[in-house]
Amino acid sequence: MSELNGESRNLIDGELGDASSGKTFDNINPATEEVIGQVADGTQQDMDRAIAAARRAFDETDWSTNHTFRKKCLEQLNDALKEAQEDLRQIVIAEAGSPIMITYQVQVDNYIDAMPYWSDLTTSFEYESRMSDVDFMGQPQGRIIRREPVGVVGAITPWNFPLYLNLAKVGPALASGNSVVLKPAPDTPFSATNLGRLIAEKTDIPAGIVNVVASSDHGVGAMLSRDPRIDLVTFTGSTATGRNVMEGASSTVKKIFLELGGKSATIVLDDIDMDTVAPMAGISVCTHAGQGCAIPTRVLIPEKNYAEGVEKIAAAMAGVNYGDPLDPSNLMGPVVSKKQQERVLSYIEKGREEGARVVLGGGRPAHLEKGFFVEPTLLADVDPDATVAQEEIFGPVLCAIPYKDDEDAIRIANNSIYGLSGAVWSGDTDRALSVARQIRTGTLSVNGAQWFHIDTPFGGYRQSGVGRENGVAGFEEYLETKVIAVPSS
Ligand code: NAD
């Protein structure tokens with residue numbers, strides 16, 4: 001692997017610098033368990049300074065109103081990202097344990113390639129328009145409707161798709177005219193600190209408009225939800241932390257935008273060949289070791305095809321290559337940390353205790369000496385109410401559940417606190433569509449069609465979140481709405 005060009009410094013008020021305490025924390029490669037670098041361990045004082053800088057930059061510069069300047073700055077950022085793309089790829093592989101295969105897709109390339117979507121929206125979006133006149137006591141009234149940036153955005157991101165999720169927040173927040181304080185997950189700090197370095201060194205984005213504060217202390221991130229100088233907090237992470245963010249934000253009635261967990265279901269209808277579905281169902285749960293919030297982790301199989309379905313999915317999962325993330329044939333690397341590995345293994349144990357049958361995997365792979373790996377695991381005969389069918393495991397673990405008829409499948413799929421995504425397979429697309437319309441989730445795939453793209457609004461029903469990321473809907477999350485009434489002539 002080429003040498004990592006990981007940035008150790010945080011970006012606060014235009015300056016790359018060490019933590020106020022002088023302390024650092026280790027960045028660990030989950031595939032090798034080796035330390036790949038140190039990062040400034042941002043303190044509460046550092047976060048306070050970053051918030052003050054973002055507030056001042058928003059209030060005292062023309063960043064929020066100068067759309068053409070913003071567009072130029074975002075184009076500079078796009079160019080810088082392109083130039084640094086290979087370094088960023090190596091960073092994501094090393095710190096997130098992401099297989100190189102998926103860095104050519106959503107993890108790195110797709111989103112960098114799509115960044116012009118945000119720079120173009122900077123000037124193409126209609127920030128001001130006029131509504132039709134209304135009558136008030138015999139006088140026609142005009143109404144101007146304006147969309148203005150919310151102000152200072154606190155952005156908190158997880159470790160599974162670190163570069164993509166940092167860009168998915170910083171891109172639209174800046175394009176719509178806000179300033180930002182970005183707090184990355186402690187497991188994947190370089191994907192944020194290197195973005196900070198590009199912004200500081202390769203763009204004219206004014207000091208304080210983007211601040212990056214990495215920290216090993218979750219409490220530093222929690223300041224973003226509570227601080228009255230922050231106008232909106234955008235958070236991607238677990239539902240449990242999302243609840244904390246929501247609670248913290250309530251003290252100042254802050255706007256929130258939450259992308260949380262999922263427990264999505266693949267529904268296999270009874271008119272489709274299991275040979276078509278099994279590879280997709282088996283492979284998707286192994287992608288990036290199942291560490292994707294929208295990955296279907298339950299598969300609902302009609303009773304009459306159940307035995308065959310379980311067997312074929314197990315065969316598909318058994319054929320998945322996994323191990324070294326740098327090997328281009330591997331679909332699956334490690335999970336992100338020892339803590340996460342223990343968590344996934346303890347869920348598998350819980351599944352066993354609650355009566356699930358372990359058809360494949362179930363442990364740590366014996367042939368890989370180092371790294372936080374978990375075997376591709378298929379749990380069959382899972383009760384739809386069992387812990388493993390209800391809670392997000394965030395590992396390569398698929399739960400197979402039999403069902404009686406379409407209504408039963410819909411009921412089981414919707415039996416969840418989550419509502420993020422899902423898939424429906426049928427020999428008849430209209431039948432699959434009819435089922436898809438009855439599933440209470442933010443995105444769905446029919447017969448393998450892909451919904452993910454920068455212009456697709458993505459988010460969840462129920463406890464999978466509040467608001468939508470990407471697309472014009474995602475851009476508008478970062479805007480306020482103002483109406484100015486004027487006399488009409
Ligand atoms: P996490 O909730 O543990 O942490 C996410 C971020 O929140 C980290 O930066 C962490 O430092 C910070 N944090 C922790 N406690 C905090 C607090 N009290 N206040 C503010 N910030 C705090 O999540 P994770 O384990 O890093 O990521 C995995 C989770 O993310 C999974 O649940 C997954 O489903 C979810 N996720 C959701 C989406 C989506 O778009 N819906 C996308 C990716 C990941």
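In each ligand, atom 1 is the first atom listed, and ligand 1 is the first ligand listed. All values below were derived from every heavy atom in this structure, side-chain atoms included, with hydrogens, water molecules and symmetry-related copies excluded.
I393 is listed as a side-chain neighbour of K263, based on a closest heavy-atom distance under 4.5 Å. Residues Q291 and V335 have side chains in contact (heavy-atom distance under 4.5 Å, counting atoms from C-beta outward).
Between D324 and K370, none of the side-chain N atoms (NZ, or NE/NH1/NH2) sits under 4.0 Å from a carboxylate O, so this pair counts as no salt bridge.
Side chain to side chain, T481 and R147 meet the donor-acceptor criterion of an N or O pair below 3.5 Å. A donor atom on one side chain and an acceptor atom on the other are found under 3.5 Å apart for K254 and T252.
Within 4.0 Å of ligand 1, heavy atoms belong to protein residues I156, T157, P158, W159, N160, L165, K183, P184, A185, P186, H218, G221, A222, F235, T236, G237, S238, T241, N244, V245, E259, L260, G261, C293, E392, F394, L420, F458.
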Could you check K338 against E342 for salt bridge (charged side-chain N to carboxylate O under 4.0 Å, His left out), going step by step and ending with a plain yes or no? CA-CA 6 Å; K338 178 138 194 67; E342 284 166 358; 3.7 Å; yes
